[in-house]
Amino acid sequence: MKAPAVARLYEVLAARYGPQGWWPLAGRAGRLGFDGRGYHPGVYRVPGPRERFEVAAGAVLTQNTSWGNAEAALRALLAAGLLSPGALLDCSPQRLARLIRPSGYYNQKARKLRGLAVYLEGLASGRAQAPTREALLALWGLGPETADSILLYAWHRPVCVVDAFTRRLLRRLDWIEGREGYEELAALCSRGLAVEVPVYQEFHALVVRHAKEHCRAAPECRGCPLAGRLCRAASAPGLGTRP
DNA sequence: GCCCAGGAGCATA
DNA sequence: TATGCTCATGGG
């Protein structure tokens with residue numbers, strides 16, 4: 001496991017793709033890292049309550065699901081006026097499940113959203129403290145990736161998010177064996193990065209961007225910024241396209 | 001038709 | 001602890 005190389009990976013991806021400004025929002029067709037005029041790295045707006053809930057709901061809806069499908073569900077919730085904990089809890093589980101149907105697993109995700117809404121509403125009516133990782137993980141249906149996405153993007157807590165794309169990329173780079181647990185991979189990433197919220201946010205967003213453009217399930221190694229520098233997968237048998 | 005997509009819970013060995 | 005099954009829609 002090569003933590004220092006993670007810093008290099010971040011540099012190369014950032015140079016290729018530029019600032020990503022995550023998390024994506026369905027509400028006003030934007031991204032959290034952008035304001036109305038443009039992108040301001042290092043000046044990241046702290047999300048307001050409505051955006052926080054949209055991020056949290058989106059993190060649940062995109063579980064094992066393409067963002068496009070999750071966004072369709074998010075737009076349905078927005079159109080129904082349900083993008084707040086209170087409004088969502090006033091909606092029947094059946095109607096909620098119907099609205100988020102495009103995201104798949106809609107019965108499970110409806111239950112997850114309700115549990116999340118109960119918790120966040122309790123937070124808001126209390127002393128408005130930030131959610132804790134432990135409390136999020138204790139909710140039914142929230143695992144480490146979903147919890148960390150919420151903490152990092154909605155509450156700007158410096159935690160590394162590891163997803164299937166991250167795992168696949170690190171595996172193709174041959175930096176991991178592939179069976180490591182979530183916490184181990186998160187530790188690996190965080191050791192190589194400055195402990196700063198924008199860096200963690202951008203790193204995760206860049207990995208997803210790269211995984212969608214090049215490091216796909218069926219690799220597209222032509223034009224890959226890592227090929228021949230950090231990654232040798234293109235020359236591995238059965239992987240990628242040779243130049 | 002098949003594969004894939006920002007996972008997580010649960011049963012079983 | 002680790003592996004396999006389940007949940008489900010929509011785009012390529």
Side-chain angles (χ1 to χ4, degrees), chain A residues 9-10 13 17 20-26 31-33 52 54-77 93-116 119 133-155 157 159-172 176-186 189-190 200-220 238-241:
Chain A
L9 172 63
Y10 175 56
L13 294 180
Y17 300 111
Q20 301 301 299
W22 265 29
W23 185 273
L25 294 175
R31 286 175 270 179
L32 269 186
R52 280 180 169 158
E54 182 173 334
V55 171
V60 168
L61 291 170
T62 196
Q63 286 178 357
N64 204 36
T65 300
S66 67
W67 177 252
N69 283 15
E71 192 180 12
L74 218 40
R75 280 197 303 267
L77 292 181
Q94 293 75 19
R95 179 172 177 238
L96 178 57
R98 195 162 59 244
L99 286 168
I100 64 172
R101 186 182 151 87
S103 73
Y105 310 110
Y106 46 85
N107 289 312
Q108 290 191 349
K109 285 177 179 175
R111 180 181 168 194
K112 296 175 185 185
L113 287 178
R114 290 181 63 83
L116 182 60
Y119 173 63
R133 191 170 196 266
E134 298 68 36
L136 290 173
L137 288 177
L139 297 175
W140 185 87
L142 268 70
E145 183 192 335
T146 308
D148 286 344
S149 295
I150 292 170
L151 290 170
L152 178 61
Y153 291 104
W155 269 271
R157 287 262 310 276
V159 293
C160 264
V161 175
V162 174
D163 55 26
F165 292 151
T166 315
R167 187 180 298 272
R168 183 166 73 203
L169 174 58
L170 296 180
R171 179 68 197 92
R172 291 234 174 100
I176 63 172
E177 194 272 334
R179 306 158 84 91
E180 293 83 354
Y182 181 97
E183 308 299 342
E184 192 176 347
L185 295 187
C189 292
S190 63
Y200 284 179
Q201 290 187 341
E202 284 297 309
F203 178 72
H204 174 227
L206 285 164
V207 167
V208 174
R209 170 83 179 266
H210 180 66
K212 287 178 175 173
E213 291 197 16
H214 290 287
C215 209
R216 313 151 72 98
E220 177 51 66
L239 269 183
T241 44

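Lettering of chains follows the sequences in order, A, B, ..., and the numbering in each one begins at 1.
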Engineer: Can you list the residues that meet the side-chain hydrogen bond (donor to acceptor under 3.5 Å, both in side chains) rule with A:Thr62, with sequence neighbours excluded?
Structural biologist: none

Engineer: What pairs meet the salt bridge (charged side-chain N to carboxylate O under 4.0 Å, His left out) rule with one or both residues in residues 137-152 of chain A, with sequence neighbours excluded?
Structural biologist: A:Arg133-A:Asp148

Engineer: My understanding is that only residues two or more places apart in sequence, or in another chain, count here; which of them pass side-chain hydrogen bond (donor to acceptor under 3.5 Å, both in side chains) with A:Asn107?
Structural biologist: none

Engineer: Under the ring-ring contact (aromatic ring centres under 6.0 Å, His included) test, which residues partner A:His214, sequence neighbours left out?
Structural biologist: A:His210

Engineer: Please work out which residues in residues 143-152 of chain A have a non-hydrogen atom less than 4.0 Å from an atom of DNA chain C and list them by number.
Structural biologist: none

Engineer: By side-chain hydrogen bond (donor to acceptor under 3.5 Å, both in side chains), which residues pair with A:Thr65, not counting sequence neighbours?
Structural biologist: A:Lys109

Engineer: List for me each residue that meets side-chain hydrogen bond (donor to acceptor under 3.5 Å, both in side chains) alongside A:Arg114, sequence neighbours excluded, and say none if there are none.
Structural biologist: none

Engineer: Say you pick atom P in C:dC5 and the same atom in B:dC3; how far apart are they, in whole Å?
Structural biologist: 15 Å

Engineer: Determine the Euclidean distance between corresponding C1' atoms of C:dG11 and B:dG1; express it in Å to zero decimal places.
Structural biologist: 14 Å

Engineer: Tell me, please, the opening and closing nucleotides of DNA chain B, 5' to 3', among those with an atom under 4.0 angstrom from a non-hydrogen atom of chain A.
Structural biologist: B:dC4 to B:dC10

Engineer: Identify whether any heavy atom of A:Tyr105 sits under 4.0 Å from a base atom; if not, whether one sits that close to sugar-phosphate; answer base, sugar-phosphate or nothing.
Structural biologist: base

Engineer: Not counting sequence neighbours, which residues clear side-chain contact (heavy atoms from CB on, under 4.5 Å) with A:Ala76? List them please.
Structural biologist: A:Leu99

Engineer: For C:dA8 and B:dC2, measure between their C1' atoms and round to the nearest Å.
Structural biologist: 16 Å

Engineer: Does any N or O in the side chain of A:Tyr153 come within less than 3.5 Å of the main-chain N or O of A:Gln201, such that one atom is a donor and the other an acceptor?
Structural biologist: yes

Engineer: Let me know, please, whether A:Arg111 or A:Asn64 comes out on the 5' side of the other along DNA chain B by nearest nucleotide.
Structural biologist: A:Asn64

Engineer: With nearest nucleotide decided by heavy atoms, which residue, A:Arg179 or A:Ser66, maps closer to the 5′ end of DNA chain C?
Structural biologist: A:Arg179

Engineer: With sequence neighbours left out, what residues match A:Trp67 under ring-ring contact (aromatic ring centres under 6.0 Å, His included)?
Structural biologist: A:Trp23

Engineer: Can you give the first and last nucleotides of DNA chain C, 5' to 3', that have an atom under 4.0 Å from a heavy atom of chain A?
Structural biologist: C:dT3 to C:dG10

Engineer: Which part of the nucleic acid, if any, lies within contact of A:Arg168, taking any heavy atom under 4.0 Å across all strands shown: a base, the sugar-phosphate backbone alone, or nothing?
Structural biologist: sugar-phosphate

Engineer: Using the P atom as the reference point in each nucleotide, state the distance between C:dG12 and B:dG6 in Å, no decimals.
Structural biologist: 13 Å

Engineer: Keeping A:Glu54 on the side-chain end and A:Ala26 on the backbone end, is there a donor-acceptor pair under 3.5 Å?
Structural biologist: yes

Engineer: Who pairs with A:Ser66 by side-chain contact (heavy atoms from CB on, under 4.5 Å), at least two apart in sequence or on another chain?
Structural biologist: A:Asn69

Engineer: When you compare C:dC7 with B:dA5, how far apart are their C1' atoms, in angstrom units rounded to a whole number?
Structural biologist: 14 Å

